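Let me begin by presenting the structure, written as structure tokens, before commenting on it.
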Number of protein chains: 2
Amino acid sequence: MAVDRARVLEEAAALLARRSTSSMDEIARAAGISRATLHRHFAGRDALIRALEQLGIEQLAQAMDAARLDEGDAAGALRRLVAEAQQVAGVLAFLFTENQLFEGEEVNAGWARLDTRIHALFRRGQEEGDFRIDLSATWLTEAFYGLVGAGAWAVQDGRVARNDLTHSIAELLLGGIRRSMEK
Amino acid sequence: MAVDRARVLEEAAALLARRSTSSMDEIARAAGISRATLHRHFAGRDALIRALEQLGIEQLAQAMDAARLDEGDAAGALRRLVAEAQQVAGVLAFLFTENQLFEGEEVNAGWARLDTRIHALFRRGQEEGDFRIDLSATWLTEAFYGLVGAGAWAVQDGRVARNDLTHSIAELLLGGIRRSMEK
DNA sequence: ATGGAATGAGACGTGAATGTCTCATCCAGT
DNA sequence: ACTGGATGAGACATTCACGTCTCATTCCAT
């Protein structure tokens, strides 16, 4: 088995992050293998997407681990999370829109766990008095995904510099647009 | 010509906002006409999307007009913009992801004009000292679209209450997550 | 070197959606 | 009532991606 499933998934993720409609053939070529081999390792497009979803979930979970969401103040944790999530942003944006299509179907339970963790982070910030409470933690979670996704696309299209992205997202989330009085 | 193009477009927009992959047949049925008639009024799927894009551009432009972006302080104008944009949020989210697919192709010039207006609003806020200047107006524009889109989806899936949405988006953009010291 | 496993190339059938066309029907204005 | 335009229903060809399969080739371990 010369083909590394993980490597194929990485390539697929990178390609689909750019062109979400890439065909199996394009994905195979991007991964440097033939379409036949791609099908040997993944039952079909659906299976590939599922595997990709699983990978994205694991990577985001790792990003959360690395961000140590429970340590320090919530603001710092959020900053670390944004920074760590940057790596996965592309796939995340893809999976985000992809999930939008599965209307009725049950969503991967993995997402629920991740949502819970982010939700808990915002909740903690609110309970510790750092975050405002008139914006629900649920909405903040959605906003987080939205900004990460929008940021990934903006970078992809060259409208925003990749180096600024982490700072841009974190600062917007934390401080908003208004000129801050403090600091 | 009993069929009202504008009405068909409205129905198509409503449907595609929910299911971006709806077929021509589904769109036709949603509009209460046959597929044949749909094709009589729009050369093809591509033409339909283009027309939808045009409609979205016009509606967003109207929303901007209604929001009177140049009047009052920038924060108030942004609040009004978010409120007005709410109506178009669904289609906007659809067109936003749709545009993501046209990588190389030239984007509809209409978008550029709209971007310019939003960009100018953020710029004005910065120049008047209301908005922070360490976040580029370009990024703020992207963030605006991202939050509006994410908000529309969150409402669609029932994760956020529609009534809260305008306030949630505007407040997050303006004030961020941090508990405000002022006010 | 050799034998088995993995791969690449490509043919093949399938299904879905598109776009075109025809024909019968319906409706409105005269 | 009549007539012309618009519509609905459906057949039809086409395209495209998918999934399956075969066969020759390559690669690796023994």
Side-chain angles (χ1 to χ4, degrees), chain A residues 1-56 91 93-95 97-105 108, chain B residues 1-56 91 93-95 97-105 108:
Chain A
M1 184 184 289
V3 168
D4 183 1
R5 265 181 67 112
R7 164 150 181 75
V8 172
L9 279 179
E10 291 290 348
E11 296 292 344
L15 178 60
L16 289 172
R18 274 177 294 143
R19 280 174 45 90
S20 60
T21 57
S22 303
S23 70
M24 290 294 276
D25 192 82
E26 292 171 309
I27 295 172
R29 289 181 189 286
I33 63 178
S34 74
R35 195 163 66 93
T37 301
L38 181 58
H39 270 93
R40 286 190 187 99
H41 289 276
F42 300 94
R45 187 176 223 284
D46 205 62
L48 176 63
I49 302 293
R50 299 296 177 155
L52 212 49
E53 187 176 27
Q54 198 54 43
L55 177 66
V91 215
F94 165 72
L95 295 172
T97 63
E98 197 72 8
N99 265 339
Q100 198 58 21
L101 302 181
F102 301 161
E103 25 180 344
E105 312 180 32
N108 190 319
Chain B
M1 184 185 289
V3 168
D4 183 0
R5 266 181 68 111
R7 167 152 181 73
V8 173
L9 280 178
E10 291 291 347
E11 295 293 344
L15 178 59
L16 289 171
R18 274 178 293 144
R19 279 175 44 89
S20 60
T21 57
S22 303
S23 69
M24 290 295 275
D25 192 83
E26 291 172 310
I27 295 173
R29 288 181 191 287
I33 62 178
S34 75
R35 196 164 66 94
T37 301
L38 181 58
H39 269 93
R40 286 190 188 99
H41 289 276
F42 299 94
R45 189 175 223 285
D46 205 61
L48 176 63
I49 302 292
R50 299 296 178 155
L52 212 49
E53 187 175 28
Q54 197 55 42
L55 178 67
V91 214
F94 164 70
L95 295 173
T97 63
E98 197 73 6
N99 265 338
Q100 198 58 21
L101 302 181
F102 302 162
E103 27 180 343
E105 314 180 30
N108 190 319

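Note that this is a predicted model, so its numbers are computed, not measured. All chains are named by letter (A, B, ...) in the order of the sequence lines, taking the proteins before the strands, and each is independently numbered beginning at 1.
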Expressed as a whole number of angstroms, how long is the span from [X]:[atom1] to [N]:[atom2]?
{"X": "I27(A)", "N": "dG19(D)", "atom1": "CD1", "atom2": "P", "answer": "10 Å"}
{"X": "D46(A)", "N": "dG19(D)", "atom1": "CG", "atom2": "C1'", "answer": "13 Å"}
{"X": "D25(A)", "N": "dA11(C)", "atom1": "CG", "atom2": "P", "answer": "13 Å"}
{"X": "M24(A)", "N": "dG15(C)", "atom1": "CE", "atom2": "C1'", "answer": "16 Å"}
{"X": "I49(A)", "N": "dG19(D)", "atom1": "CD1", "atom2": "P", "answer": "10 Å"}
{"X": "L38(B)", "N": "dA9(D)", "atom1": "CG", "atom2": "P", "answer": "14 Å"}
{"X": "D4(A)", "N": "dT7(C)", "atom1": "CG", "atom2": "P", "answer": "11 Å"}
{"X": "I33(B)", "N": "dG10(D)", "atom1": "CD1", "atom2": "P", "answer": "16 Å"}

What's the closest nucleotide to the [X] side chain, out of [options]?
{"X": "S23(B)", "options": "dA17(C), dC23(C), dC23(D)", "answer": "dA17(C)"}
{"X": "H39(B)", "options": "dC18(D), dG19(C), dC21(D)", "answer": "dG19(C)"}
{"X": "H41(B)", "options": "dG8(D), dA9(C), dT7(D)", "answer": "dT7(D)"}
{"X": "R45(B)", "options": "dG19(C), dC21(D), dA9(D)", "answer": "dG19(C)"}

Can you measure from CD1 (I49(A)) to CD1 (I27(A)) and round to the nearest 0.5 angstrom?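 Output value for this atom pair is 6.0 Å.
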Nearest-0.5 Å distance that lies between atom CZ in R19(B) and atom CZ in F94(B):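 Reported value, rounded in 0.5 Å steps: 12.0 Å.
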Which atoms form the tightest heavy-atom contact between M24(A) and L38(A), and what is the distance?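 Closest approach of M24(A) to L38(A): O-CD2, 3.4 Å.
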On the side chain of R35(B), is there an atom forming a donor-acceptor pair with the base of dG8(D) - under 3.5 Å, no angle test?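 Looking at the base of dG8(D), it does not pair with any donor or acceptor on the side chain of R35(B) (distance under 3.5 Å).
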Assess whether atom CZ of R45(A) is packed by more than 12 heavy atoms of other residues, nucleotides or ligands within 6.0 Å.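 Count over threshold, so yes.
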For atom CZ of R29(A), is the number of surrounding heavy atoms from other residues, nucleotides or ligands below 6.0 Å larger than 12?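 For R29(A), atom CZ is not crowded (no more than 12 foreign heavy atoms under 6.0 Å).
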Below 4.0 Å: OP1/OP2 of dT7(C) and any side-chain N or O of T37(A):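 Result: no.
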